[in-house]
Trainee: 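Here it is: the structure, laid out below.
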Amino acid sequence: MTQILNKQAYQLFHEGVLAFADIEDTGIRVDVPYLKTQYKKLTKQLAQVGKEIKDDKQAKQWRSKFGQKTNYNSTTQLSTMLYKVWGIKSTKSTAKGNAAVDDSVLSKLDLPIVKSILQQRKIMKIRDTYILGILNEQSDGYLHPSFNLHFVSSFRSSSDGPNFQNQPVRDPIAGAIVRKAFLPLDSNHCFGEVDYSGIEVASNACINRDPNLIAYISDPAKDMHRDVAGDCFILAPERIGKMIRYVGKNGFTFPAFYGSYFEQIAPAMWNAIDEHDLKTEDGVALKIHLASKGIKTLSKFTAHIKKVEDIFWNTRFKVYTKWKKDFYNQYLKNGYIDIPTGFRCWGPMRRNEVTNYPGQGTAFHFLLWSLIQIHRWLKANEMETKILGQIHDSIVFSFHKDELQDILKKVQQVMCRDILKRFPWICVPLKVEAEVSPIGGTWNDKKGIEIE
DNA sequence: TCGTTCACGC
DNA sequence: GACGTACGTGAACGAA
């Protein structure tokens, strides 16, 4: 159960709903002929992969096991074949205790049929969830996805019809296929996106007031992800490149902030070393380097990550740790939690939910408040530029080419400076990054741009 | 119809 | 010392 505690919180959501209504009405232009072409292409690819699966030696055993009911897209059947018929040892369980057959498991198996099945899954995801999802929802070449404020327990937003907030981007192939379908509103517009950088870490710092976390965000000379990567892999800063930093950030720091722990995260990090063929900046293979420090096995590495975690929570961010403990105890006493933007959440929550909701909701509220101000300003000044949507920490625009730089300046003013007056307890600098496509370009064509 | 599993985003 | 990954949407499968 949720509750709005004050007029400011009410206003934020009321004004947010009004802004979202305009944004949903504007809609997003999509390239329907392109989508139809892609649908056909992916269908052909699917037929090809389907044939590869059918012709595989092991598919014969599959058919003799399931006969008429054979379905190479069935996870239940795949699980039976892998772990019961072919005698492979299961390495991971699902939530319900069944043997998992997800990507993290299958990508480690060296079987041609499994490789084909993974390929099939990828193509089906792109074709059926995204391409077809967009085609089914578009009307006269425009999408009108909903942006909801009344579903999410942490007071974030969600989106559906289609979900505008989970369009592929990390996989460059899937990202390109799908995002090429998203067009700016007019041929003299650019597709663009402005992101808050590290906003959830910033919102958490404003709530838990950990001086070391605040210092990391405030001091441009400091780099939390580099330092933590240095702890994880026992490296001096100058030996840490982009990829090692990346694995430290997404393999350790973020999972740790969300409440994960060494036994969960160490195996994935250990795999990532081989997966990305990690090397120190002076060219030493990371596993060789770790071996020289006495870490030659996953179990040694896990024990090491346990120590890193201890330093992370009990030395580096000990005020954050104390905040988590106190905040959770307060929840146990009261039965609810309050977040600083004026919302209360009642009811049964797990420890990690209790400690994660405030940062998550607050980060989104920074974005929502900024979006409302920017939307009003665009409207009041009768700009041709329109907001197309929002993805938790970013705003997506169709920029008129002649308005672009003025608007980016205004956007930065609102998101980084005006917001400090509305939420005076923000205690770290907020930063934004802008990415914009060439004139007439698609969502896939966006590139980083300096705000003048 | 609905629970489960998978896969995409932040 | 034990404990232990946050929030969503949506597709396919398969049991009920």
Side-chain angles (χ1 to χ4, degrees), chain A residues 66 69-80 92-107 117-118 120-134 136-137 145-171 173-175 177-179 193 195-201 203-204 250-265 268 306 309-310 313 324-325 328 345 349-364 367 389-394 396:
Chain A
F66 291 101
K69 291 197 168 127
T70 296
N71 179 352
Y72 303 113
N73 200 36
S74 159
T75 53
T76 327
Q77 291 184 17
L78 176 58
S79 188
T80 304
K92 185 182 169 186
S93 300
T94 64
K96 282 281 158 187
N98 303 316
V101 290
D102 64 18
D103 182 75
S104 75
V105 173
L106 296 193
S107 56
I117 286 168
L118 281 177
Q120 176 181 252
R121 277 189 194 169
K122 257 203 178 342
I123 301 166
M124 277 186 76
K125 181 74 177 173
I126 300 170
R127 189 190 68 167
D128 296 340
T129 301
Y130 296 109
I131 301 295
L132 194 58
I134 295 167
N136 286 341
E137 294 288 355
S146 299
F147 293 98
N148 314 298
L149 287 175
H150 58 298
F151 287 145
V152 183
S153 39
S154 61
F155 300 99
R156 255 205 195 181
S157 68
S158 72
S159 168
D160 61 82
N163 184 350
F164 185 64
Q165 298 177 321
N166 74 343
Q167 301 297 317
V169 65
R170 293 182 188 180
D171 174 350
I173 296 167
I177 294 170
V178 174
R179 288 179 180 234
E193 196 165 346
D195 294 58
Y196 265 128
S197 22
I199 194 64
E200 213 172 304
V201 178
S203 64
N204 272 310
N250 293 306
F252 182 90
T253 306
F254 281 139
F257 277 148
Y258 284 140
S260 192
Y261 73 112
F262 64 95
E263 256 185 340
Q264 297 284 334
I265 58 191
K306 184 176 193 290
E309 186 184 295
D310 183 62
W313 285 122
K324 280 197 194 187
K325 197 169 166 234
Y328 184 60
C345 200
M349 283 175 269
R350 285 164 298 188
R351 184 193 304 263
N352 283 337
E353 291 173 325
V354 169
T355 52
N356 284 328
Y357 284 8
Q360 188 176 101
T362 301
F364 171 66
L367 189 281
Q390 152 276 130
I391 312 175
H392 307 303
D393 66 352
S394 78
V396 178

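Reminder, nothing fancy here: chain letters follow the sequence lines and each chain counts from 1.
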Trainee: Tell me which nucleotide among C/dT5, C/dG14, C/dT9 gets nearest to the side chain of A/T76.
Mentor: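 For A/T76, the side-chain atoms sit closest to C/dG14.
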Trainee: Nearest of B/dA7, B/dT5, B/dG9 to any side-chain atom of A/D103?
Mentor: B/dA7
Trainee: Sticking with atom C1', work out how far B/dG9 lies from C/dA6, rounded to a whole angstrom.
Mentor: 14 Å
Trainee: What is the distance, to the nearest angstrom, from the CZ atom on A/F364 to the C1' atom on C/dG8?
Mentor: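 Distance, rounded to whole Å: 12 Å.
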Trainee: In this structure, how many angstroms lie between the P atom of B/dT5 and the CG atom of A/L106, rounded?
Mentor: 15 Å
Trainee: Give the intermediate values and the outcome of side chain to side chain contact (heavy atoms under 4.5 Å, CB included) for residues A/W313 and A/K324.
Mentor: CA-CA 11 Å; A/W313 285 122; A/K324 280 197 194 187; 3.3 Å; yes
Trainee: How is A/S153 classified with respect to the nucleic acid when contacts are heavy atoms under 4.0 Å: base, sugar-phosphate, or nothing?
Mentor: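 Sugar-phosphate: the residue A/S153, judged by heavy atoms under 4.0 Å, touches backbone atoms but no base.
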Trainee: Measuring only the C1' atom in each nucleotide, how far is C/dT5 from B/dC10? A whole number of Å is fine.
Mentor: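 Straight-line distance between the two C1' atoms is 14 Å.
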Trainee: Between A/N98 (side chain only) and A/T94 (backbone N and O only), is there a donor and an acceptor less than 3.5 Å apart?
Mentor: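 Looks like no, no N/O pair under 3.5 Å.
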Trainee: Taking the side chain of A/E353 as its heavy atoms from C-beta onward, which of B/dC8, C/dA6, B/dC6 lies nearest to it?
Mentor: C/dA6
Trainee: Closer than 3.5 angstrom, by distance alone: can the side chain of A/Y130 be matched with the main-chain N or O of A/N166 as a donor-acceptor pair?
Mentor: yes
Trainee: Heavy atom of residues 159-170 of chain A under 4.0 Å from DNA chain B: which residues?
Mentor: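 Output list: A/Q165, A/N166, A/Q167, A/P168, A/V169, A/R170.
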Trainee: Of the options C/dG14, C/dG8, B/dT4, whose atoms approach the side-chain atoms of A/V152 most closely?
Mentor: C/dG8
Trainee: Ignoring backbone atoms, test whether A/T94 places a side-chain nitrogen or oxygen under 4.0 Å from the OP1 or OP2 oxygen of B/dT5.
Mentor: yes
Trainee: Across the strands shown, which category fits A/Y357 at heavy-atom distances under 4.0 angstrom: base, sugar-phosphate, nothing?
Mentor: sugar-phosphate
Trainee: Is there a donor N/O on one and an acceptor N/O on the other, under 3.5 Å, for the side chain of A/Q360 and the base of C/dA6?
Mentor: yes
Trainee: Looking only at side chains, do A/S394 and A/E193 share a donor and an acceptor under 3.5 Å apart?
Mentor: yes
Trainee: Supply the atom-to-atom distance A/H150 NE2 to A/F155 CZ, rounded to the nearest 0.5 angstrom.
Mentor: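 Spacing of NE2 (A/H150) from CZ (A/F155) equals 13.5 Å.
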Trainee: Please tell me which of the listed nucleotides, B/dC6, C/dA11, B/dC8, lies nearest to the side chain of A/V101?
Mentor: B/dC6
Trainee: For the side chain of A/R351 and the backbone of A/Y328, is there at least one donor-acceptor N/O pair under 3.5 Å apart?
Mentor: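 Answer holds: no.
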Trainee: Got a sec? Which of residues 120-128 of chain A come in under 4.0 Å of DNA chain B, heavy atoms?
Mentor: A/R121, A/K122, A/K125
Trainee: How close or far is atom P of B/dG3 from atom CG of A/N98, stated in whole angstroms?
Mentor: 16 Å
Trainee: From B/dT5, C/dT5, B/dC10, pick the nucleotide closest to the side chain of A/K96?
Mentor: B/dT5
Trainee: Any side-chain N or O of A/T75 below 4.0 angstrom from OP1/OP2 of B/dT4?
Mentor: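 No, A/T75 has no side-chain N/O under 4.0 Å of OP1/OP2 on B/dT4.
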Trainee: If you check every side-chain atom of A/R350, which of B/dT5, C/dG8, C/dC7 has the closest atom?
Mentor: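 Nucleotide nearest to A/R350's side chain: C/dC7.
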Trainee: Heavy-atom distance under 4.5 Å between the side chains of A/Y357 and A/T362, does that happen here?
Mentor: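 A side-chain contact is absent here, since even the closest heavy-atom pair is not under 4.5 Å.
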Trainee: So, is A/N71 close to the C/dC13 phosphate, meaning a side-chain N or O under 4.0 Å from OP1 or OP2?
Mentor: yes
Trainee: Do A/V201 and A/F257 come close enough that some side-chain heavy atom pair is under 4.5 Å?
Mentor: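 Sidechains of A/F257 and A/V201: in contact.
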Trainee: Rounded to whole angstroms, how far apart are CD1 on A/I117 and C1' on B/dA7?
Mentor: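 Atom CD1 in A/I117 sits about 16 Å away from atom C1' in B/dA7.
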Trainee: Does C/dG4 have OP1 or OP2 under 4.0 Å away from a side-chain N or O of A/N352?
Mentor: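 Looking at the OP1 and OP2 atoms of C/dG4, neither is under 4.0 Å from any side-chain N or O of A/N352.
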Trainee: C/dA12 C1' sits how many Å from A/L78 CG, rounded?
Mentor: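 About 14 Å, once rounded to whole Å.
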Trainee: Check this for me: does the side-chain of A/R156 come within 3.5 Å of the base of B/dC10 through a donor and an acceptor?
Mentor: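 Check passes, donor-acceptor contact within cut-off.
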Trainee: Ignoring hydrogens and geometry, is there a side-chain-to-backbone donor-acceptor pair from A/D171 to A/I173 under 3.5 Å?
Mentor: yes
Trainee: Return the value, rounded to whole Å, for the distance between atom OH of A/Y261 and atom P of C/dA6.
Mentor: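 Taking OH of A/Y261 and P of C/dA6, I get 12 Å after rounding.
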Trainee: When all nucleic acid strands are considered with a 4.0 Å heavy-atom cut-off, which category describes A/A174: base, sugar-phosphate, or nothing?
Mentor: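 Here A/A174 touches no strand at all.
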Trainee: Using the side-chain heavy atoms of A/F262, tell me which of these nucleotides is nearest: B/dC6, C/dT5, C/dG4.
Mentor: C/dG4
Trainee: Of the listed nucleotides (C/dG14, C/dG8, C/dA6), which one gets closest to any side-chain atom of A/Q77?
Mentor: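 So the side chain of A/Q77 is nearest to C/dG14.
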Trainee: Start with the C-alpha gap between A/S157 and A/Q390, add the side-chain angles, then the distance that decides, and say whether side-chain hydrogen bond (donor to acceptor under 3.5 Å, both in side chains) holds.
Mentor: CA-CA 9 Å; A/S157 68; A/Q390 152 276 130; 3.0 Å; yes
Trainee: Salt bridge between A/K92 and A/D102, side-chain N to carboxylate O under 4.0 Å?
Mentor: yes
Trainee: How does DNA chain C look in dot-bracket notation if pairs are Watson-Crick or G-U with both distances under 3.5 Å, crossing ones as [ ], other-strand ones as |?
Mentor: ......|||||||||.
Trainee: Does the pair A/R350 and A/E353 meet the rule for a salt bridge (Lys or Arg N to Asp or Glu O under 4.0 Å), with working shown?
Mentor: CA-CA 5 Å; A/R350 285 164 298 188; A/E353 291 173 325; 2.9 Å; yes
Trainee: Please tell me which of the listed nucleotides, C/dC13, B/dC10, C/dT5, lies nearest to the side chain of A/H392?
Mentor: B/dC10
Trainee: So, do A/N71 and A/F66 sit near enough that their side-chain heavy atoms are less than 4.5 Å apart?
Mentor: no
Trainee: Respond yes when some side-chain nitrogen or oxygen of A/Y130 is under 4.0 Å from OP1 or OP2 of B/dC8, and no when none is.
Mentor: no
Trainee: So, taking the atom named CG in A/D160 and the one named CZ in A/F147, what distance separates them when rounded to the nearest 0.5 Å?
Mentor: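 Nearest 0.5 Å value for the CG-CZ distance: 9.5 Å.
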Trainee: What is the distance from CZ of A/F257 to C1' of B/dC10, rounded to the nearest Å?
Mentor: 16 Å
Trainee: In this structure, how many angstroms lie between the P atom of C/dC3 and the CD atom of A/E263, rounded?
Mentor: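 Nearest whole value for this atom pair: 11 Å.
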